[in-house]
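Everything on this sheet refers to the single structure shown next.
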Amino acid sequence: MSIRVGHGYDSHRFAPGGPLRLGGITIPANVGLVGHSDGDAVAHAIIDAMLGAAGAGSIGALFPDSDPTNLGRDSLDMLRRVAHVVRTRGWVVSFVDATVITERPAIAPHSEAMCRSLASAMGIAIESVSVKGKSNEGMGWIGRGEGLACVAIATLEQGG
């Protein structure tokens with residue numbers, strides 16, 4: 001059986017107000033993420049990881065910010081579409097691991113809900129998704145609370 005691994009990254013700056021969408025859920029916060037779509041950096045990093053592993057391009061190629069239909073787009077819908085692309089190329093998502101780097105909000109209280117939402121969108125078991133948070137220890141733009149970043153890895157197996 002063939003296995004592929006893809007890596008994804010996304011970052012967005014904070015803007016006053018909300019809502020804050022991460023991992024397909026809304027988190028109570030006094031900030032939101034600036035983005036062409038809904039700004040869900042977790043979903044975006046996972047999408048790029050899946051596309052990379054499947055050899056299917058990038059999120060920017062599939063959902064360009066030059067296309068007005070992507071303005072405010074639901075990132076879970078994007079994730080569903082990418083999961084379909086991966087399956088049509090003969091791959092199955094076996095595991096996804098994402099790390100959110102942020103000073104706030106705390107990710108741990110929302111991790112299980114994010115895993116549930118993301119797993120549902122990808123059509124995989126909740127046990128096949130991991131989302132965790134890490135602080136940047138006050139360093140750099142993340143440490144100053146200007147925004148957040150997310151890195152993700154997707155493992156695909158041949159056979160869908």
* **same_hphob_cluster(V34, V42) at 4.5 Å side-chain heavy-atom cutoff** => no

* **Check: I3 and Q158 side chains under 4.5 Å, non-hydrogen atoms** => no

* Is it true that a side-chain atom of D40 and a backbone atom of G23 form a donor plus acceptor pair closer than 3.5 Å? -> yes

* Flag yes if M122 and I153 sit in one hydrophobic cluster, no otherwise; membership is Ile, Leu, Val, Met, Phe, Trp, Tyr, and two members link when side-chain heavy atoms are under 4.5 Å apart. => no

* Starting at CG of L71, measure out to OG1 of T69 and round the result to the nearest 0.5 Å. => 9.0 Å

* **Spacing of I46 atom CD1 and C150 atom SG [to the nearest 0.5 Å]** => 6.5 Å

* Asked: Is there side-chain contact between I142 and L148, with at least one heavy-atom pair below 4.5 Å?
  -> no

* To do: State the CD1-CG distance between I47 and D10, to the nearest 0.5 angstrom.
  => 9.0 Å

* Asked: Hey, any chance L62 and W91 share a hydrophobic cluster, counting ILVMFWY side chains that come within less than 4.5 Å of each other, even indirectly?
  -> yes

* Measure the CD1-CD1 distance between I27 and I107 for me, rounded to the nearest 0.5 Å. => 5.0 Å

* **Side-chain touch R4/T155, heavy atoms, less than 4.5 angstrom** => no

* Asked: Under a 4.5 Å cut-off applied to non-hydrogen side-chain atoms, are R87 and V92 in contact?
  -> no

* Asked: Side chain of T88, backbone of V85: donor and acceptor closer than 3.5 Å?
  -> yes

* Taking all heavy atoms of L76 and all of A121, pick out the closest pair and write down the distance. => CD2-CB, 3.9 Å

* Could you tell me which non-hydrogen atom of N70 sits nearest to which non-hydrogen atom of P64, and how far apart they are? => ND2-O, 2.9 Å

* Asked: Has the side chain of H36 got a donor or acceptor atom that lies under 3.5 Å from a matching backbone atom of D65?
  -> yes

* Which atom names give the shortest non-hydrogen contact between L156 and A53, and what distance separates them? -> CD1-CB, 3.4 Å

* Kindly indicate whether the side chain of V131, heavy atoms from C-beta on, has any atom under 4.5 Å from the side chain of V96. => no

* Got a sec, which residues hit side chain to side chain contact (heavy atoms under 4.5 Å, CB included) with S37, two or more places apart in sequence or on another chain? -> H44, R73, S75, M78

* To do: Please name all residues satisfying salt bridge (Lys or Arg N to Asp or Glu O under 4.0 Å) with R116, sequence neighbours left out, ordered by chain then number.
  => E112

* What are the two closest non-hydrogen atoms of R89 and A54, and how far apart are they? -> NH1-O, 3.4 Å

* To do: Run through I59, L51, V93 and flag the one making a side-chain contact (heavy atoms from CB on, under 4.5 Å) with V82.
  => L51

* State which residues pass side chain to side chain contact (heavy atoms under 4.5 Å, CB included) with T26; sequence neighbours excluded, sorted by chain then number. => P19, R21

* Structure fact -> Rounded to the nearest 0.5 Å, the CZ atom of F14 sits from the CZ atom of R104 at a distance of 5.0 Å

* Structure fact -> Quick note, side chain to side chain donor-acceptor pair (under 3.5 Å) partners involving residues 143-152, not counting sequence neighbours, are R144-E146

* To do: Could you state whether L33 and V151 fall into the same hydrophobic cluster, counting links through intermediate Ile, Leu, Val, Met, Phe, Trp or Tyr residues with side-chain heavy atoms under 4.5 angstrom apart?
  => no

* Other residues, nucleotides, ligands: >12 heavy atoms within 6.0 Å of H7 NE2 -> yes

* Heavy-atom pair of closest approach, residues D48 and G8 -> CB-CA, 4.0 Å

* Test item: N136 and E103 side chains (from C-beta on) under 4.5 Å apart, heavy atoms -> yes

* Structure fact -> Separation between CD1 (I124) and CG (L118), nearest 0.5 Å, reads 8.5 Å

* To do: List for me each residue that meets salt bridge (Lys or Arg N to Asp or Glu O under 4.0 Å) alongside K134, sequence neighbours excluded, and say none if there are none.
  => none

* Asked: salt bridge (Lys or Arg N to Asp or Glu O under 4.0 Å) with R81: which residues, sequence neighbours excluded?
  -> D77

* Asked: Which pair of non-hydrogen atoms, one from H110 and one from P28, has the smallest distance, and what is that distance?
  -> CE1-CD, 4.4 Å

